[in-house]
Amino acid sequence: MTQQGAVLQGYNNELVKCIEDLCMQKEELNKQIQQAEEEKNKLQHEIQVLSEQLECVCENLAQKVASRNELDKILAETEAAYMKILDSSRTLLNVLKKEVGSLKHSPDLKTNVT
């Protein structure tokens with residue numbers, strides 16, 4: 001019976017050692033899980049901050065694009081009006097030249113000049 005008790009005691013010691021090893025593995029795994037959760041939380045916070053920054057940049061960009069589009073419209077209207085002014089000026093100049101030319105050939109003007 002003593003031999004059976006010794007064998008049983010050996011099994012018991014081995015079982016206790018295996019349980020202790022499993023407990024150490026669980027403890028190490030818990031540390032790794034905690035580190036991974038902390039890293040996950042840190043990354044989620046960074047994502048949130050970056051998302052907020054991206055939203056601000058997108059809003060700012062949309063405002064700038066709208067302003068640029070408005071400026072493009074104003075420029076197009078101004079250029080069109082300027083072209084009309086140039087065309088009117090050219091027409092006025094041509095009419096004026098024609099009138100001056102007509103006056104030079106007019107008999108009334110020749111008598112007043114001499």
Side-chain angles (χ1 to χ4, degrees):
M1 211 43 150
T2 22
Q3 189 178 10
Q4 288 177 341
V7 169
L8 189 58
Q9 184 64 38
Y11 289 157
N12 187 42
N13 289 342
E14 237 183 283
L15 184 59
V16 168
K17 183 173 179 353
C18 284
I19 291 173
E20 287 174 351
D21 287 346
L22 288 174
C23 285
M24 287 175 46
Q25 287 178 4
K26 178 184 173 188
E27 206 174 294
E28 179 60 33
L29 193 56
N30 279 338
K31 287 179 186 177
Q32 291 174 3
I33 289 170
Q34 184 178 1
Q35 288 174 345
E37 286 176 346
E38 288 172 0
E39 181 68 17
K40 180 187 96 168
N41 291 336
K42 176 185 167 196
L43 291 172
Q44 284 179 329
H45 176 71
E46 289 176 8
I47 288 170
Q48 181 181 359
V49 168
L50 290 173
S51 293
E52 290 170 3
Q53 289 176 349
L54 178 61
E55 185 178 340
C56 288
V57 167
C58 287
E59 288 174 7
N60 190 353
L61 178 62
Q63 290 173 352
K64 287 181 180 185
V65 167
S67 294
R68 182 190 62 195
N69 291 343
E70 185 64 25
L71 285 174
D72 284 344
K73 179 182 171 187
I74 291 169
L75 278 170
E77 291 171 356
T78 303
E79 287 173 352
Y82 182 69
M83 293 307 289
K84 285 181 181 180
I85 291 170
L86 284 179
D87 190 47
S88 295
S89 295
R90 185 178 324 114
T91 302
L92 178 61
L93 182 60
N94 288 338
V95 168
L96 186 61
K97 285 180 180 179
K98 188 176 183 182
E99 290 296 320
V100 168
S102 294
L103 286 176
K104 286 183 181 178
H105 296 100
S106 170
D108 292 340
L109 184 63
K110 289 182 182 176
T111 56
N112 288 341
V113 174
T114 54

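- Residues Val100 and Lys104 are in side-chain contact: their nearest non-hydrogen atoms beyond the backbone lie under 4.5 Å apart.
- Atom CD of residue Gln44 and atom CD of residue Glu46 lie 11.0 Å apart, to the nearest 0.5 angstrom.
- Remark: Asp87 engages Arg90 in a salt bridge, criterion side-chain N to carboxylate O under 4.0 Å.
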Table please: side-chain donor-acceptor pairs of residues 60-83 below 3.5 Å, with sequence neighbours left out.
residue: Ser67; atom: OG; partner: Gln63; partner atom: O; Å: 3.1
residue: Asn69; atom: ND2; partner: Val65; partner atom: O; Å: 3.4
residue: Thr78; atom: OG1; partner: Ile74; partner atom: O; Å: 2.7

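- In this structure, OG in Ser88 is found 12.5 Å from CG in Leu93, a value given to the nearest 0.5 Å.
- Leu8 contributes atom CG, which lies 10.5 Å from atom CG of Leu15 (distance to the nearest 0.5 angstrom).
- Every side-chain contact (heavy atoms from CB on, under 4.5 Å) that Val16 has, sequence neighbours left out, goes to Asn12, Glu20.
- In this structure, Gln34 CD and Asn30 CG are separated by 8.5 Å, a value rounded to the nearest 0.5 Å.
- Sorted by first then second residue, the salt bridge (charged side-chain N to carboxylate O under 4.0 Å, His left out) pairs that include residues 24-45, not counting sequence neighbours, number zero.
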